[in-house]
Amino acid sequence: MAAPKPIARLISHVILDLDGTLLNTDCVVSQVLKPFLVKNGKKWDSKKAHKLVGKTPYEAAAVVLEDYGLPYSTEEFLSMLTPMFNEQWCNIKALPGANRLIKHLKSNGVPAALASNSPRSNIDAKISCHQGWKESFSAIVGGDEVEKGKPSPDISADEVINSLLDVKPEKWGLPPFSDWIDDTLPIEPWFIGGPVIKGFGRGSKVLGIPTANLPAENFSDVLSEHTSGVYFGWAGLSTRGIFKMVMSIGWNPYFDNTEKTIEPWLLHDFGEDFYGEELRLVIVGYIRPEANFPSLESLIERIHEDARISDKALNLPLYAKYKDSPYLRNSLKEDNSANGNQSVIDSK
């Protein structure tokens, strides 16, 4: 995360981009395109989704047609997809941190305006590149490329963040958020589960930190609702019990991953692998955004610090109560039998 420039003035007004910043419009894109591509004999590739970020509908349609070799003109493609998008708009959810930020601005008397119907980067570009605006505005930039640790070199911002969860109002002359507890941010719990799979083989061998990886492709819709970063919570294994865990979701910029991964580290020494065993996770808090590190040693040190923070926080009643969640206590084997051995996802 880039450090903001010194505050030259107190913030009096805020302009917030709507699409993909406050609202999870990216999830709607995948929900519409996936079934459409299947009907056309194609398979949605989440690795290509970043190509659509910040583009107008016409530009994004052209990219999809080229990437998947679809036999339509851009106009035909848009005419088919527009009704499908219209059906999904009512299901759009706010992204993590959106409501929290708006409430904080309102409670501190800071008016906030919303901007939409334009590429996501337009606001940032105008503020960053137009000297007249720059004298009156400060820009905080986030987004898909920032999430991957690769912000656009064309963006000149006062601060670059991963998501709205990482906004620090005190850096901009406003009162800080008061909801952080012992270096953790409580979040609305979310629930995922599935079979433990083999990862890249570097958790134990390279880092000395054995992770119980889950197949990220099974949770693309869920992951689109949650920013990359380090989270923590409780993990349940069908034959072993319930354990504290800290979890990384993202692109692991140090290793330059090409795909998003889910890597929970159960804070217990099992002494053996348990590939294929059903794992359930209740994610209850957020620690920090995903970040790159100058060395392997500094990465390992930070992971262990994340584990210490998680271990301590999960003793707090606020977080400890979720250890008794029925989602963890229920038999995974029984649930899998009833669901045809499919990975379990619960978005309660």
Side-chain angles (χ1 to χ4, degrees), residues 16 18-28 30-31 88-107 112 142 147 161-169 176-194 214 216 218-236 242-250 260 262-264 279-290 306 309-330 343-348:
L16 294 165
L18 188 63
D19 303 330
T21 301
L22 293 181
L23 297 181
N24 185 22
T25 51
D26 294 346
C27 182
V28 173
S30 64
Q31 289 172 347
Q88 291 291 338
W89 289 133
C90 61
N91 298 322
I92 294 178
K93 298 179 180 179
L95 284 166
N99 291 329
R100 171 175 174 256
L101 176 59
I102 291 175
K103 289 179 180 178
H104 191 72
L105 293 172
K106 184 177 180 180
S107 66
E147 182 180 277
I161 61 173
N162 199 41
S163 78
L164 293 180
L165 291 177
D166 306 312
V167 173
K168 302 294 184 184
F177 288 117
S178 59
D179 48 0
W180 283 84
I181 302 172
D182 290 347
D183 297 318
T184 67
L185 177 64
I187 61 174
E188 185 69 24
W190 47 291
F191 304 71
I192 60 174
L214 290 175
N218 291 2
F219 311 111
S220 57
D221 290 344
V222 175
L223 290 181
S224 72
E225 299 176 10
H226 301 278
T227 183
S228 294
V230 177
Y231 298 81
F232 66 97
W234 297 97
I242 298 174
F243 307 92
K244 295 177 178 179
M245 71 88 188
V246 61
M247 177 177 72
S248 168
I249 294 179
K260 205 169 186 178
I262 306 173
E263 301 182 74
L279 172 67
R280 285 189 172 188
L281 304 176
V282 179
I283 299 94
V284 300
Y286 175 79
I287 296 177
R288 63 174 177 87
E290 187 174 43
D306 295 333
I309 291 173
S310 303
D311 183 54
K312 178 182 177 182
L314 287 167
N315 292 327
L316 298 173
L318 173 68
Y319 299 126
K321 63 183 180 181
Y322 291 103
K323 184 178 181 180
D324 295 321
S325 167
Y327 183 75
L328 296 177
R329 295 291 180 182
N330 291 343
S343 298
V344 179
I345 303 179
D346 189 337
S347 58
K348 288 187 256 181

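None of the values given here were measured: they were computed from a predicted structure.
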Less than 4.5 Å apart, side chain to side chain, heavy atoms only: is that true for [X] and [Y]?
{"X": "D306", "Y": "R288", "answer": "yes"}
{"X": "L185", "Y": "R100", "answer": "yes"}
{"X": "V167", "Y": "H104", "answer": "no"}
{"X": "V230", "Y": "I309", "answer": "no"}
{"X": "Y322", "Y": "L328", "answer": "no"}
{"X": "P289", "Y": "I161", "answer": "no"}
{"X": "Y286", "Y": "D166", "answer": "yes"}
{"X": "I262", "Y": "M247", "answer": "yes"}

Taking every non-hydrogen atom, the tightest pair across [X] and [Y]:
{"X": "P189", "Y": "V282", "answer": "CB-CG1, 4.4 Å"}
{"X": "Y319", "Y": "A313", "answer": "CD1-O, 3.1 Å"}
{"X": "I283", "Y": "I187", "answer": "CG2-CD1, 4.0 Å"}
{"X": "L23", "Y": "A94", "answer": "CD2-CA, 4.1 Å"}
{"X": "M245", "Y": "S310", "answer": "O-CB, 4.4 Å"}
{"X": "L164", "Y": "P96", "answer": "CB-O, 3.8 Å"}

Y327 and F191 aromatic ring geometry - parallel, tilted or perpendicular at 30°/60° bounds: perpendicular
So how far is it from [X] [atom1] to [Y] [atom2], rounded to the nearest 0.5 Å?
{"X": "L165", "Y": "L101", "atom1": "CG", "atom2": "CG", "answer": "10.0 Å"}
{"X": "I92", "Y": "Q31", "atom1": "CD1", "atom2": "CD", "answer": "9.5 Å"}
{"X": "S163", "Y": "E290", "atom1": "OG", "atom2": "CD", "answer": "11.5 Å"}
{"X": "D182", "Y": "N315", "atom1": "CG", "atom2": "CG", "answer": "10.5 Å"}
{"X": "E188", "Y": "H226", "atom1": "CD", "atom2": "NE2", "answer": "9.5 Å"}
{"X": "L314", "Y": "K323", "atom1": "CG", "atom2": "NZ", "answer": "10.0 Å"}

Starting from the C-alpha separation in whole Å, work towards a yes-or-no answer on side-chain contact (heavy atoms from CB on, under 4.5 Å) for L281 and L214. CA-CA 10 Å; L281 304 176; L214 290 175; 3.7 Å; yes
Flag, side chain of N162 to backbone of S228, donor-acceptor distance under 3.5 Å: yes
